[in-house]
Amino acid sequence: MDIYSAVPFSAWLALSGLLFTIGAIGFLIRRDPIVMFMCIELMLNAGNLLLVASARYRAVMDGQIYVFFVMTVAAAEVAVGLAIIVAIFRQRLDIDVDEMSEMRG
Amino acid sequence: MSIDLTTEFIKQNLWVSAPVWSLAAAAALVLLVGAFRPRSTHSLLPALGLIGVIVSGCVTVHASQIATAPLGMQSIDSFTVVFDLIILIATAIGIIISSPYVNRESLARGEYYALMMFSSSGAMLMGASDNFIMMFLGLELLSIPLYVLSGFRRLEGISQEAALKYFLLGSFASAFFVYGTALVFAATGTTSIAAALAANSGAMLTMGVGMVLVALGFKVALVPFHMWTPDVYEGAPTSVTAFMSVVAKAAGFGGLARIVAPGLSPNWHLLLWLLAAGTMIWGNLIAIPQQNIKRLLAYSSISHAGYILMGLLTLSRDSVAGVDGMSAVLFYLLVYTLMNFGAFAVVIVFAGSGDKAEDIDDYRGIARRSPLLAALMSVFLLSLAGIPPFAGFFGKLFLFSAAVQAGYPGLAVIAVLTSVMGVFYYLRVTVVMFMEEEPASGVADKPSVSASPTYGFVLGALAALVIVVGILAAPVLNWTAGGAESLTAGRPAASASVRYCALCRLQRFISRPFAFDCTELRNLRYR
């Protein structure tokens, strides 16, 4: 008996939903851009988990292909995001988002 | 879909995706030339980019005649062609406007134009996608270059702040898109937009579609998701702001059209109705007290998103109303491109080196020193406000009349009332420029503002287009109506022979503004 017949689909759904919620809440309450970005990665991976699980249970491969695209794009986002954070850190030596409030209105 | 890797199949695939990859290839070429040729040749990059954009436009038109079979991933129907050409026009204007600006602000680096073009190819992919995977790729190809571009002035605090905010909130929205599409896939077992939305609805599908709409609403800055817009627009280099305000918005609406067109379940229409109403009201209301011209234009762009969403809502009705509404949306996107780029170009010229003068106070009495520039700015602002005879008026007129015909009179009333609010803050800038005295202290040391030849040419051309498109609205509307037809194909009451007589409609609309008889209007069109 493999893991797919032992674990019902609803368990995968619940796990991915939990991961997504943790990521979303973390994004909203943390103030360190790197941690916020890690929370976004968590949300993306929650999506990936749901995609591969439902691809397996429905025996449709589209979901697995989608996951490759999501991972590739996430890597590109990391490159750009960390570059932005490094550029800011060089200038201010401090990257709390609450400090980033020059613009108001 | 059976996999049939014959030459014919590969050819079809290449032609269907030709608009996107031709522009991306041109962007890659610009990137390579910028990286490997000496700096002295960098002044040629915008020209190279422009050639790429023009070639891509020709490829788009040519490909649309060759590629016929929709392959399930993206399609090159008449909507794609019209949409892509609008994006390419915006890209071309963006490149022309950027080139003197990046030189003045010492931002000229090879990757600037390449990033702009990559972003546009992502926008084109979004408007052409039939599948959530493609739409996700388009969304990211659009967004990631924009994150870099908005932080392009990397040594300045506000540009960094803009980039970080846009990046964090944009990625947050992308995560919603991914999870939303994952839910849709889990619920229906397909990533095809039409097939997924045709499935019987359930809680999972509803949640998934809702999350996708949130992500796209973020891209086009609909009201509960608009918080990033003013800060990013203010902090980003002005040429990037202009580009982003047009292309990212158009791309988001292209994506929304691809989702709404196959038939969103009616429960969503109320939500879209509320989003449109809220966006129009809030965007216009908050624009009134703004003191910075870029923030003012940011809030104005939010309110315009509300008007355009109102046009998109008509897609939920029968095909005649849908064609009416979508042709008005495409017309508005084109007009919005022209007038918004115009307004931002004047902002660039007035701000001077280092982007110093960007507050509305800095515009006080500026008409004395540079009457021509002030007059051009007024043309763009009055067009944005929707005052005849400029194109913006006709854009709004078509949108509002389409909304009324599609059975959304309440929304149209809100739109009219909020555009009156809009007139107030656009006119305020004009009044400040023409009626008020310049602060006495500054007059002596301020030379008159003069535009470089490039800006002179661009501003003149844009102002002329804003007026010409206004006067000759009918042929342009016919063109966009052709694009709208493919989106509503297969809907109830579809009629391939619907042809527009925009002018009869206009006369009708003006002569009897309060008595709408839809059947009468519809019959008029066939004469």
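Labels below follow one simple rule: chain letters A, B, ... track the order of the sequence lines, proteins then strands, and each chain is numbered from 1. Everything quoted here is computed from the prediction, not taken from an experiment.
With a 4.5 angstrom heavy-atom cutoff, B/Leu141 does not touch chain A via any of its atoms. The contact between A/Leu51 and chain B is made by backbone and side chain atoms together, counting heavy-atom distances below 4.5 Å. Both the backbone and the side chain of A/Ala55 come within less than 4.5 Å of a heavy atom in chain B. Proximity to chain A (any heavy atom under 4.5 Å) is restricted, for B/Phe167, to the side chain, taken from C-beta onward. Proximity to chain A (any heavy atom under 4.5 Å) is shown, for B/Met207, by neither the backbone nor the side chain. Residue A/Leu49 does not touch chain B at all, counting heavy-atom pairs closer than 4.5 Å.
Per-residue counts of heavy-atom pairs under 4.5 Å with chain B were compared for A/Ile84, A/Val60, A/Val80; the largest is that of A/Ile84. Per-residue heavy-atom pair counts under 4.5 Å with chain B were compared for A/Ala46, A/Gly23, A/Ala83, and the maximum is reached by A/Ala46. Each of B/Ala186, B/Ser174, B/Ser143 has some count of heavy-atom pairs under 4.5 Å with chain A, and the biggest count is that of B/Ala186.
Residues that satisfy the ring pair (Phe, Tyr, Trp, His ring centres under 6.0 Å) test with B/Tyr233, not counting sequence neighbours, are absent from this structure. When the ring pair (Phe, Tyr, Trp, His ring centres under 6.0 Å) test is applied to B/Phe176, the partners found at least two apart in sequence or on another chain are A/Phe20, B/Phe172.
Defined by atom type and a distance below 3.5 Å, a donor-acceptor pair is present between the side-chain atoms of B/Tyr425 and B/Asn284.
Against chain A, the residues from residues 187-194 of chain B that qualify, each with a non-hydrogen atom under 4.5 angstrom away, are B/Ala187, B/Thr188, B/Gly189, B/Thr191 in number order.
For B/Phe177 and B/Phe218, the gap between ring centers reaches or exceeds 6.0 Å. Between B/Phe136 and A/Phe69, the gap from one ring centroid to the other reaches at least 6.0 Å.
Ring geometry for B/Tyr166 against B/Tyr147 counts as perpendicular: the plane angle is over 60°, on a 0 to 90° scale with 30° as the lower cut.
Counting all heavy atoms, side chain and backbone alike, B/Thr238 lies closest to B/Val347 at CG2-CG1, 4.1 Å.
Judged as a side chain to side chain donor-acceptor pair (under 3.5 Å), the pairs with a partner in residues 64-73 of chain A (not counting sequence neighbours) are, in order, A/Tyr66-B/Thr181.
A/Arg58 CZ: more than 12 foreign heavy atoms inside a 6.0 Å radius.
Comment: B/Lys294 does not engage B/Glu234 in a salt bridge, judged by the lack of any side-chain N to carboxylate O separation of less than 4.0 angstrom.
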